[in-house]
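Counting begins at 1 with the first residue of the sequence. No experiment lies behind these values; they were computed from the predicted model shown. Because only heavy atoms are used, hydrogens play no part in the values below, and waters and symmetry mates are left out as well, while side chains stay in.
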Amino acid sequence: MRSRFHPLQATGVLVILSLLAALLAWPVVSIWSSWLHWDAQRFDMLWEMVRTVLPDYALTSLLLCILVGLGVALLGLFSAALVTLCDFPGRRWLEWALLLPLAMPAYVVAYAYTDFFQFSGPLQIALRENLGLQGALWPDIRNVWGAGLIFSLTLYPYVYLLVRTALMENVSSLMDAARLLGAGFGRRVRTVALPLARPAVAAGVALALMETLADFGVSSYFGVQSFTAGIYKTWLVMDDRIASAQLATLLLATVLILLFWERKNQQKARFASSRASGAFDSGAGLKVEGAFGYLLLGLGLLPVLLGFVLPLGILLWLWAAEPATVAWASFIQWGINSLRLGLITALLAVLIALVLAALCRQSSSVWPRVLTQILGLGYAIPGAVVVVGVLLPLGWLQGTTLGNGISFWVTATSLGLIWAYLVRFCAVALQSVQSGYARIPASMDESSRTLGVTGLSLFGRLHLPLLRRSSLAALMLVFVDVMKELPATLVLRPFNSDTLAVVAYQLARDERLGEAALPSLALVLFGLIPVILVSQGLRQGRLAR
């Protein structure tokens with residue numbers, strides 16, 4: 001028998017959570033409702049977009065997804081197989097170093113690479129002066145191919161993490177069995193390890209593609225006509241909010257398909273894990289020593305060097321080269337704004353996640369699980385879609401007393417910005433808290449119930465202390481995600497209240513890359529927080545084995 005909240009407690013909390021879920025689902029509902037505004041004028045506008053810009057948005061986004069999908073699959077699979085199936089000098093150090101590109105927002109890498117590799121950048125200038133070369137030495141990086149490279153270098157850790165976990169859980173006993181049957185190492189990798197890793201590769205690629213489609217910073221800075229850039233252009237340049245919302249529904253439908261694909265492949269990976277037995281033993285991998293071992297270490301370090309070390313070095317060089325441009329008073333204010341928004345959003349998201357997860361644990365009602373599914377979709381919603389979904393109903397209500405009142409509280413206010421953040425990032429906190437609850441045996445609840453501890457008392461005295469680490473991890477993850485969020489912040493932020501992400505984007509857009517270096521470095525520093533958390537989890541998982 002499951003311990004339960006008091007009926008009045010559970011009902012009150014469920015009502016509050018239901019209203020909150022409706023509030024967080026409102027932007028998505030308003031996006032889909034844009035198709036209700038259909039008339040001859042709307043048809044002409046949509047047909048004009050189909051004839052002119054829509055094919056360009058679709059083909060560019062498709063090409064970008066193909067490039068990123070191939071890039072992250074190759075880099076992630078190679079990196080995970082290297083540290084899991086081979087034993088060479090520096091392997092343990094490389095395991096966590098491969099996570100470092102996660103700390104780099106893609107748009108920050110784009111700023112750094114543009115300054116370093118462009119025609120007027122230090123590298124081309126030095127080569128022309130020292131070697132007597134003329135003209136551009138390589139194509140401009142600001143195109144869809146350059147964007148694909150940037151996303152591949154910053155998003156491959158999604159594939160790396162999932163494939164590494166799949167191989168560590170599944171590969172040892174099965175590869176040993178194949179070895180006893182006479183299969184060589186290459187054949188064992190080809191026929192055993194890679195098929196086991198296939199669902200994890202697909203799930204990681206889906207996550208990377210969702211991040212790619214949600215991006216605005218790289219696409220806008222590189223002039224790539226992606227769907228996200230098209231949504232903003234349609235809203236802000238063409239001043240057509242309905243057409244912008246309809247474009248957003250196409251993007252959202254694509255992202256939801258990717259989300260379904262990711263969850264389906266995650267289930268396949270868990271099914272394969274439940275069938276396989278035996279943890280990975282590093283000694284079971286291919287032992288590589290000497291020069292060839294260091295060659296493997298060098299190959300494994302390439303994604304780290306290109307995705308983290310080189311961009312970080314460029315940013316540090318830019319910062320050191322133009323110290324006079326640093327406005328420390330402004331920088332401190334940008335940091336305070338970012339910290340304030342991040343902490344408030346993170347605390348609210350963790351509180352919602354704790355209450356909802358506790359209800360799912362202690363209530364036999366199906367409604368808390370429905371609310372969990374609704375809130376769990378938020379992270380898949382691109383920031384551009386959230387912005388359109390928040391502002392679109394206000395446009396419909398404009399001129400009415402209700403509309404003016406809501407606009408006063410939502411448009412260009414911290415309240416509206418935090419609302420948009422919660423729509424996106426409640427799912428991050430919920431996933432972390434639920435993973436913490438999964439590690440608490442149900443038998444502990446039953447033991448507490450027999451001692452008369454139930455409901456809120458059970459949550460406060462048993463669950464909350466055991467969820468402390470998961471809650472802290474959720475707090476940090478949401479905090480860092482809010483710090484790096486660009487599309488929603490760019491449009492919904494209060495006047496004269498810029499954040500580090502917005503300032504870095506604006507300065508880079510104005511070609512003031514030296515000034516953009518400091519806020520970009522601050523974002524990288526905060527981005528190291530989830531990398532440290534993940535690396536600690538990997539280390540603990542290895543020790544547990």
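- Annotation: side chain of Y505 is in contact with side chain of S220 (closest heavy-atom distance under 4.5 Å).
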Decide yes or no on side chain to side chain contact (heavy atoms under 4.5 Å, CB included) for L492 and V386, but give the supporting numbers first.
-> CA-CA 10 Å; L492 295 174; V386 174; 5.7 Å; no
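- Contact annotation: the side chain of K233 approaches that of Y57 to within less than 4.5 Å [non-hydrogen atoms, C-beta and beyond].
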Evaluation steps, side chain to side chain contact (heavy atoms under 4.5 Å, CB included), between S471 and L467 = CA-CA 6 Å; S471 300; L467 291 171; 4.0 Å; yes
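- The two residues A229 and V224 make their nearest non-hydrogen contact at CB-O, 3.7 Å.
- Counting heavy atoms from C-beta outward, R468 and S470 have side chains that stay 4.5 Å or more apart.
- Looking at residues two or more places apart in sequence or on another chain, you find no ring pair (Phe, Tyr, Trp, His ring centres under 6.0 Å) involving F222.
- Counting only residues at least two apart or in different chains, salt bridge (Lys or Arg N to Asp or Glu O under 4.0 Å) contacts with residues 142-153 comprise R142-E511.
- Listed by chain and residue number, D115, F116, W317 satisfy the side-chain contact (heavy atoms from CB on, under 4.5 Å) test with P122 (two or more places apart in sequence, or in another chain).
- Under a cut-off of 6.0 angstrom, the local environment of CD in Q124 is crowded, with over 12 non-hydrogen atoms contributed by other residues, nucleotides or ligands.
- Taking CG of L339 as the start and CG of L341 as the end, the distance is 9.5 Å to the nearest 0.5 Å.
- Closest approach of L310 to F117, counting heavy atoms only: CD2-CZ, 4.2 Å.
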Might you work through the side chain to side chain contact (heavy atoms under 4.5 Å, CB included) test for F308 and V109, ending with a clear yes or no?
-> CA-CA 8 Å; F308 181 80; V109 179; over 6 Å; no
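- Under the rule for a ring pair (Phe, Tyr, Trp, His ring centres under 6.0 Å), the partners of Y232 that lie at least two apart in sequence or sit in another chain are F216.
- Within the 3.5 Å criterion, the main-chain N or O of V428 finds no donor-acceptor partner in the side chain of S432.
- Looking at every heavy atom in both residues, L312 comes nearest to M104 through N-CE, 3.5 Å.
- Below 30°, between 30° and 60°, or above 60°: for Y107 and Y111 the angle between ring planes is between 30° and 60°, a tilted geometry.
- Considering CG of L258 and CG of L207, their distance stands at 9.5 Å, rounded to 0.5 Å.
- Closest heavy-atom contact between P487 and G383: CB-C, 4.1 Å.
- Considering CG of L209 and OG of S61, their distance stands at 11.0 Å, rounded to 0.5 Å.
- In this structure the side chain of L75 reaches within 4.5 angstrom of the side chain of L153, judged on heavy atoms.
- For the side-chain contact (heavy atoms from CB on, under 4.5 Å) test, residues two or more places apart in sequence or in another chain that qualify with L62 are I66.
- Residues V478 and T345 form a side-chain contact, since some pair of their non-hydrogen atoms from C-beta on lies under 4.5 Å apart.
- Taking the side-chain contact (heavy atoms from CB on, under 4.5 Å) definition, one finds that A248 meets it with I31, I231, V385, sequence neighbours left out.
- Side-chain contact between F425 and V482 is present, with heavy atoms from C-beta onward closer than 4.5 Å.
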Take Q506 and D498, measure what side chain to side chain contact (heavy atoms under 4.5 Å, CB included) needs, and give me the verdict at the end.
-> CA-CA 10 Å; Q506 291 177 330; D498 291 330; 3.9 Å; yes
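- Between V503 and P519 the shortest heavy-atom distance is CG1-CG, 4.3 Å.
- Formation of a donor-acceptor pair under 3.5 Å by the Y156 side chain with backbone atoms of A208 is not found in this model.
- Shown here for L213 and T228, the closest heavy-atom pair between the two residues is O-OG1, 2.5 Å.
- In this structure F78 satisfies the ring pair (Phe, Tyr, Trp, His ring centres under 6.0 Å) test with no other residue, sequence neighbours excluded.
- Residues R493 and T499 are not in side-chain contact: their nearest non-hydrogen atoms beyond the backbone lie 4.5 Å or more apart.
- In this structure, the separation between CD1 on I150 and CG on L306 is 10.0 Å, given to the nearest 0.5 Å.
- Under the 4.5 Å side-chain criterion, counting only non-hydrogen atoms from C-beta, V205 is not in contact with Y158.
- For the atom pair CZ (R340) and CG (L343), the distance works out to 10.5 Å, reported to the nearest 0.5 Å.
- In this structure, I125 CD1 and N130 CG are separated by 11.5 Å, a value rounded to the nearest 0.5 Å.
- By the salt bridge (Lys or Arg N to Asp or Glu O under 4.0 Å) test, R512 pairs with E515, sequence neighbours left out.
- D481 pairs by the salt bridge (Lys or Arg N to Asp or Glu O under 4.0 Å) definition with nothing, not counting sequence neighbours.
- T489 meets the side-chain hydrogen bond (donor to acceptor under 3.5 Å, both in side chains) test with Y421; sequence neighbours excluded.
- Inspection of the Q333 and N337 side chains reveals an N or O donor paired with an N or O acceptor under 3.5 Å.
- Scored by the side-chain contact (heavy atoms from CB on, under 4.5 Å) test, V480 finds K484, I529, P530 as partners (sequence neighbours excluded).
- By the ring pair (Phe, Tyr, Trp, His ring centres under 6.0 Å) test, F479 pairs with F526, sequence neighbours left out.
- The closest donor-acceptor contact from the side chain of D215 to the backbone of S219 lies under 3.5 Å.
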